[in-house]
Amino acid sequence: MMDRKWLGLLFIGAVWASNAWANDFRAEKLVNGLKQYTVDTYPETLRFTFTVTNIDPTLPSELLSATAPLLNSCTRLPTSPLVVPAGGHVTYQCEIELESYDACLTLGIHDANPVTPNHEVSFTSTFSIGWDAGASQAGANVLCLPQPNLFCDDTVYLSTASRSPEGRPAAPSRLYIFDPATGTLTLQGEAGLPYNALAFNHYDNILYAIASDGVSAPSFIRVDATGSSSIIAPLDTTAPRSAIWTAGAVLKDGSYVGFEHSTHRLIRINPSTGGTLSEQVVTVPGDFQLADFAMNPRDGQLYAFNNATQRMTRIDPLTGVATDHPELARIDGRPAENPVMSAAVFTRDGELFLYGTSGPDTHRVSGFHAVDVTTGNLTRLLTRPVPQLANGAMCGVYSWGSPRPQPTTRDRGFFGASESALLECLAYGPISLGALGEVSTLPGALGILWANPAIASNNARRTALESLKVRTAREALTAVCNERVFNTRAPPLSALENPASLDPGRMEELRQRLERHNHSGKRTAIPLRKRIFAVDPLQAMERAEEPRF
């Protein structure tokens, strides 16, 4: 429901009679002081300002009409007709409270354009004025965007804090989404607090952390999808103020557990209130250094890499007892060389992944690793730099009734660069593209995905129809692979079925629909069980065969 409030009329120098008249007005409309305003958080207040200015410097003018659909929802006084003196103006204001994204889209009924708004297009609300010798219009544009949300999927979140000159954590802290397929980090935003011990709560789909810098009193905080943070409560702990909290996780019951690295304190917190439920010191037989841990959804225990002993370790969150694996960790079957793991995440399937470095001091390698919790050994899946003070979080437990993310999709560039994903797609059998042919081999599929719409491999220039066939075929192939690999239903390809009726207009309409579909679920993470951890576009291009349409 949208709330509308009349803010009052700013009416400067209006009069009701005059013997001489000018005919010069200018209309102006703003929303929150701007011509274009973007709404991506809710609730939100929109303040529309409608101004009529008599731009004649010497004579008054009579305003006969002032209309705007939004004005009808707010009280407007005085109403036209009215006289505005030379250089004077009349300003109306209307305030609208938006409770949700849907409420924002509802404002689109005030747009004269019947095709807007939609999920991609903004809308414009117009203010019109009229007088005896003319008329004027002004518009203010509003772009409605869905509020960024966190979903319970295999998205890997990494947070990093800066460092002070003394080496302590410092603001700002940044939140990233890590893509294991490409190794890229996508910045979501930053917070003005130096936080660590990041954890995803499967009950409310919110990230929690502890802000501590070893100087100020620590706080238990909430981190939203944009990376900004808010303090829930001061951290009620017996740890000294100099303590730095490094590891965090959420248990099956929804309570948060945090770890302090110097005193080995393990604290359990109620995320709703920030109140401390329990605090104890972790019992360890020897050296103990860990940067992060994650809860195993199968046994409810906390797992981490003990950087001091070079072993996987398990912590009972209720008793605080830590147990190292009997054997030193191996990476890719070889003895590990001084590994330092900084982030840990568990999937809902009970698979553990670590993000960190290993190798000799002169040639250390950073990467994303899969962990066999039974043997304590690691397998390097991807080599990429590790950010400073990285900490990881993922939704490791699915709660019934929690919001589900958008179905997963990837664009043609992904399938054209990921051999493992494309091979999984082709394993279901040949891909029929109707009148555009059939694809059954890896080189053939790569050829469609990497084909140049303008020029063929023999340097012959393609006709407009040939170019359209290339662009449509690669989107159609991508949509089929999204359905086969990620179980995301593809739009029907019926427009391609009859070779005799390949209408360019219908084909272009289908291509655009397929392209939107293939980009619609790019924000949703690829399930880590897919083991799609590497892309190589150069190798794929070398294998591509020129398509024939």
Side-chain angles (χ1 to χ4, degrees), residues 120 177 179-184 186 406-457 462 464-497 502 504 506-527 530-549:
E120 296 175 335
I177 287 179
D179 184 354
T182 62
T184 57
T186 302
Q406 182 86 5
T408 305
T409 63
R410 289 298 184 267
D411 61 15
R412 59 183 177 83
F414 169 80
F415 286 102
S418 175
E419 183 175 310
S420 60
L422 196 53
L423 285 174
E424 181 177 344
C425 177
L426 293 170
Y428 288 86
I431 299 172
S432 174
L433 302 179
L436 299 182
E438 184 178 273
V439 185
S440 59
T441 66
L442 181 65
L446 291 172
I448 290 177
L449 294 171
W450 286 102
N452 185 333
I455 301 174
S457 60
R462 300 188 198 273
L465 180 58
E466 290 170 341
S467 175
L468 180 57
K469 287 181 178 180
V470 169
R471 291 182 288 121
T472 305
R474 63 191 187 186
E475 296 300 338
L477 174 60
T478 301
V480 172
C481 285
N482 275 318
E483 180 169 315
R484 291 182 172 189
V485 177
F486 302 126
N487 200 31
T488 302
R489 184 178 295 277
L493 304 180
S494 55
L496 303 177
E497 290 178 357
L502 277 183
R506 291 186 64 201
M507 195 160 28
E508 173 60 18
E509 182 182 350
L510 174 63
R511 185 200 66 78
Q512 293 183 21
R513 185 163 66 251
L514 291 170
E515 186 175 44
R516 288 194 299 269
H517 168 78
N518 293 331
H519 284 80
S520 64
K522 291 180 65 175
R523 165 63 179 77
T524 307
I526 297 173
K530 290 290 185 179
R531 288 296 195 273
I532 301 173
F533 293 109
V535 294
D536 190 343
L538 295 179
Q539 178 176 308
M541 292 175 67
E542 291 176 354
R543 297 187 182 186
E545 292 181 352
E546 177 70 13
R548 295 182 177 87
F549 299 116

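All values below were derived from every heavy atom in this structure, side-chain atoms included, with hydrogens, water molecules and symmetry-related copies excluded. By convention here, the first residue in the shown sequence is residue 1.
Interatomic distance, Ser432 OG to Leu477 CG, rounded to the nearest 0.5 Å: 11.5 Å. Residue Ser420 holds its OG atom at 5.0 Å from CD1 of Ile532, rounded to the nearest 0.5 Å. Put simply, CG on Leu446 and CD on Glu545 are 9.0 Å apart, with the number rounded to the nearest 0.5 Å. Residue Leu436 holds its CG atom at 11.5 Å from CD of Glu497, rounded to the nearest 0.5 Å. Distance check: Thr488 OG1 to Glu483 CD gives 8.5 Å after rounding to the nearest 0.5 Å.
Two residues are said to be in side-chain contact when any heavy atoms from C-beta on lie closer than 4.5 Å; Arg410 and Thr478 fail this criterion. Proximity of Glu419 to Asp536: side-chain heavy atoms (C-beta onward) are nowhere separated by under 4.5 Å. The shortest distance between side-chain heavy atoms of Leu465 and Pro504 falls below 4.5 Å. By the 4.5 Å heavy-atom criterion applied to side chains, Met507 and Thr472 are counted as neighbours. Side-chain contact between Asn482 and Phe415 is present, with at least one heavy-atom pair separated by less than 4.5 Å. With contacts defined as side-chain heavy-atom distances shorter than 4.5 Å, the pair Leu514/Leu493 qualifies. Between Leu422 and Leu449 the shortest side-chain heavy-atom distance falls below 4.5 Å. With a 4.5 Å cut-off on side-chain heavy atoms, Arg462 and Ile455 do not count as touching.
Comment: Glu508 does not engage Lys469 in a salt bridge, judged by the lack of any side-chain N to carboxylate O separation of less than 4.0 angstrom. A salt bridge is defined here as a Lys NZ or Arg NE, NH1 or NH2 lying under 4.0 Å from an Asp or Glu carboxylate O, and Arg484 with Glu424 fails to meet this definition.
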Test side-chain contact (heavy atoms from CB on, under 4.5 Å) applied to Glu475 and Leu510, step by step:
CA-CA 9 Å; Glu475 296 300 338; Leu510 174 63; over 6 Å; no
Start with the C-alpha gap between Leu426 and Ser440, add the side-chain angles, then the distance that decides, and say whether side-chain contact (heavy atoms from CB on, under 4.5 Å) holds.
CA-CA 7 Å; Leu426 293 170; Ser440 59; 5.9 Å; no
Criterion side-chain contact (heavy atoms from CB on, under 4.5 Å) on Ile448 and Leu433, from CA distance to verdict:
CA-CA 11 Å; Ile448 290 177; Leu433 302 179; 3.9 Å; yes
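Using modelled atom types, one side-chain atom of His519 and one backbone atom of Glu515 make a donor-acceptor pair closer than 3.5 Å. With hydrogens and angles disregarded, no donor-acceptor distance shorter than 3.5 Å links the side chain of Arg543 to the backbone of Gly447. A donor-acceptor pair is defined here as one N or O able to donate and one able to accept, closer than 3.5 Å; no such pair exists between the side chain of Glu438 and the backbone of Ile431. Between the side chain of Ser520 and the main chain of His517, a donor-acceptor pair closer than 3.5 Å is present. With Ser467 contributing its side chain and Pro453 its backbone, the two residues share a donor-acceptor pair below 3.5 Å. Between the side chain of Arg474 and the backbone N or O of Trp450 there is no donor-acceptor pair closer than 3.5 Å. Not one N or O on the side chain of Asn518 forms a donor-acceptor pair closer than 3.5 Å with the backbone of Arg412.
Test Thr182, Ile526, Val485, Asp179 against Phe414 for side chain to side chain contact (heavy atoms under 4.5 Å, CB included) and you get one pass: Ile526.
Here the closest non-hydrogen pair linking Ala495 and Leu502 is O-CD2, 3.8 Å. Annotation for Ala540 and Ala417: closest pair CB-CA, 4.3 Å, computed over non-hydrogen atoms. When all heavy atoms are compared, the tightest approach of Ala476 to Leu496 is CB-CD1, 4.3 Å. In plain terms, the two heavy atoms of Glu546 and Ala456 that are nearest each other are OE2-CB, 3.5 Å.
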